[in-house]
Peer 1: 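What follows is a structure written as C-alpha cells; I'll ask about it next.
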Amino acid sequence: MSEDDNMEDYPTEIHDYLAAFEKSLVSVDEMLKTMMSVSRTELFQKLEPLEQAKLDLVSAYALNSMFWMYLSTQGINPKEHPVKRELERIRTYMNKVKEIEDKKKASKLDKGAASRFVRNALWEPNPGNEPTSKTPAKVKKRK
C-alpha cells in the first residue's frame, strides 16, 4: 500500500500529529529495548535507593500512560477509568521523591559556626573597666 492510499483513510489535518505520534512510539520502543537488555537486579545494584524509586515510578507512570492511550484508541474515556486514579497516585509519589531531592540540595546550617558567629558578634563588657555612659558628661559652668 502506498502513502497516498493511507492519506485517504484519515483527514489530512492530523497527518502531522500522527507522524509525531509514530516517531514518539519508535522512541519509546527503543528506550524499552535498552532497559530490557539489562537485568533489573543488575540495574538496581548500580543505583542509589532514591534513584531506584525514581526508576520504578517512571516505569509505572510510562506503562499507565500507554494504557491510557490504548483506552483512548479503543473509544473508552480514560478519565472515567481507574487508570486515572493510578496515574494520580504515582504523581503523588513522584512529588514526594522530588521533595526529598530538594531537601538534600538545600543548604545545611552549621550549628557550631553559627554559635561562634553569634558569640563573637555580641559585645561583652570587661569586668575591670568602669561602665561608661554613652552621653557626654555635663560640664559645670563657672561663675
Side-chain angles (χ1 to χ4, degrees), residues 1-140:
M1 203 181 255
S2 69
E3 190 174 321
D4 293 333
D5 293 337
N6 288 337
M7 292 293 285
E8 295 174 11
D9 293 345
Y10 57 88
T12 56
E13 299 88 33
I14 64 169
H15 177 71
D16 292 338
Y17 294 113
L18 290 174
F21 182 67
E22 182 181 17
K23 185 178 177 183
S24 296
L25 283 177
V26 169
S27 176
V28 167
D29 187 42
E30 289 172 5
M31 285 185 208
L32 284 174
K33 285 179 183 176
T34 303
M35 282 186 65
M36 301 303 283
S37 67
V38 179
S39 74
R40 184 175 168 85
T41 308
E42 185 180 328
L43 182 63
F44 269 49
Q45 288 176 349
K46 297 176 183 177
L47 297 175
E48 297 288 322
L50 192 60
E51 297 296 321
Q52 292 173 2
K54 286 169 58 176
L55 179 63
D56 281 341
L57 288 169
V58 167
S59 300
Y61 195 82
L63 289 172
N64 281 285
S65 296
M66 285 190 273
F67 187 66
W68 176 287
M69 290 184 277
Y70 171 76
L71 291 174
S72 295
T73 62
Q74 300 302 309
I76 300 170
N77 185 1
K79 292 179 182 177
E80 297 171 357
H81 193 275
V83 73
K84 182 179 182 202
R85 284 192 308 274
E86 183 66 13
L87 284 168
E88 289 171 355
R89 185 180 74 85
I90 295 169
R91 260 189 246 123
T92 301
Y93 287 115
M94 287 175 139
N95 288 335
K96 287 181 182 181
V97 167
K98 186 175 182 334
E99 288 175 15
I100 292 170
E101 283 183 320
D102 291 345
K103 284 181 184 177
K104 281 186 173 182
K105 291 178 185 175
S107 61
K108 304 262 192 267
L109 175 65
D110 184 359
K111 292 180 183 179
S115 65
R116 288 190 301 274
F117 177 77
V118 171
R119 182 183 66 234
N120 292 331
L122 295 175
W123 176 77
E124 292 181 17
N126 291 334
N129 296 340
E130 293 181 22
T132 58
S133 173
K134 291 185 179 182
T135 58
K138 292 183 181 178
V139 179
K140 292 183 182 179

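These figures come from a predicted structure and were not determined experimentally. We use all heavy atoms of the structure for the numbers below, so side chains are in, but hydrogens, waters and symmetry mates are not.
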Peer 1: Which atoms form the tightest heavy-atom contact between P78 and I76, and what is the distance?
Peer 2: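 Closest approach of P78 to I76: CD-O, 2.9 Å.
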
Peer 1: What's the verdict on side-chain contact (heavy atoms from CB on, under 4.5 Å) for D56 and R40, showing C-alpha distance, side-chain angles and the deciding distance?
Peer 2: CA-CA 10 Å; D56 281 341; R40 184 175 168 85; 2.7 Å; yes

Peer 1: With sequence neighbours excluded, what pairs up with E22 under the side-chain contact (heavy atoms from CB on, under 4.5 Å) test?
Peer 2: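 side-chain contact (heavy atoms from CB on, under 4.5 Å) list for E22, sorted by chain: empty.
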
Peer 1: Under the side-chain contact (heavy atoms from CB on, under 4.5 Å) rule, collect the residues that match up with M31, sequence neighbours excluded.
Peer 2: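 Partners of M31 under the side-chain contact (heavy atoms from CB on, under 4.5 Å) test: S27.
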
Peer 1: Decide if atom CD of E48 counts as having more than 12 heavy atoms of other residues, nucleotides or ligands within a radius under 6.0 Å.
Peer 2: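 No, CD of E48 has 12 or fewer neighbouring heavy atoms, counting only those of other groups under 6.0 Å.
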
Peer 1: Could you work out, with side-chain contact (heavy atoms from CB on, under 4.5 Å) as the rule, every residue matching L63, not counting sequence neighbours?
Peer 2: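 If we apply the side-chain contact (heavy atoms from CB on, under 4.5 Å) test to L63, skipping adjacent residues, the hits are M66.
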
Peer 1: I need the N64 CG to S59 OG distance, nearest 0.5 Å.
Peer 2: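 Spacing of CG (N64) from OG (S59) equals 11.0 Å.
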
Peer 1: Taking atom CZ as the centre, does F44 end up with more than 12 heavy-atom neighbours from other residues, nucleotides or ligands that are less than 6.0 angstrom away?
Peer 2: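 Atom CZ in F44 is packed in, count exceeds 12.
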
Peer 1: Salt bridge check: are K104 and E101 linked by an N-O gap of less than 4.0 Å?
Peer 2: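 Salt bridge flag = no for E101 with K104.
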
Peer 1: Measuring only between side-chain heavy atoms, which start at C-beta, is F21 closer than 4.5 Å to M69?
Peer 2: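 F21 reaches M69 side chain to side chain.
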
Peer 1: So H81 and W68, do their side chains get closer than 4.5 Å, heavy atoms only?
Peer 2: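 Not in contact.
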
Peer 1: Quick one: pull up NZ in K46 and CD in Q52 and give me the separation to the nearest 0.5 Å.
Peer 2: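 Rounded to the nearest 0.5 Å, the NZ-CD separation comes out at 13.0 Å.
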
Peer 1: Quick one: closest heavy-atom pair of L57 and I90, and the distance?
Peer 2: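 Nearest heavy atoms, L57 then I90: O-CG2, 3.7 Å.
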
Peer 1: Does E99 pair with K96 as a salt bridge, N-O distance under 4.0 Å?
Peer 2: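 Looking at K96 together with E99, the answer is no, because their closest N to O distance does not fall below 4.0 Å.
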
Peer 1: Nearest 0.5 Å please: distance from the CG atom of L87 over to the CE atom of M94.
Peer 2: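 Interatomic distance, L87 CG to M94 CE, rounded to 0.5 Å: 9.5 Å.
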
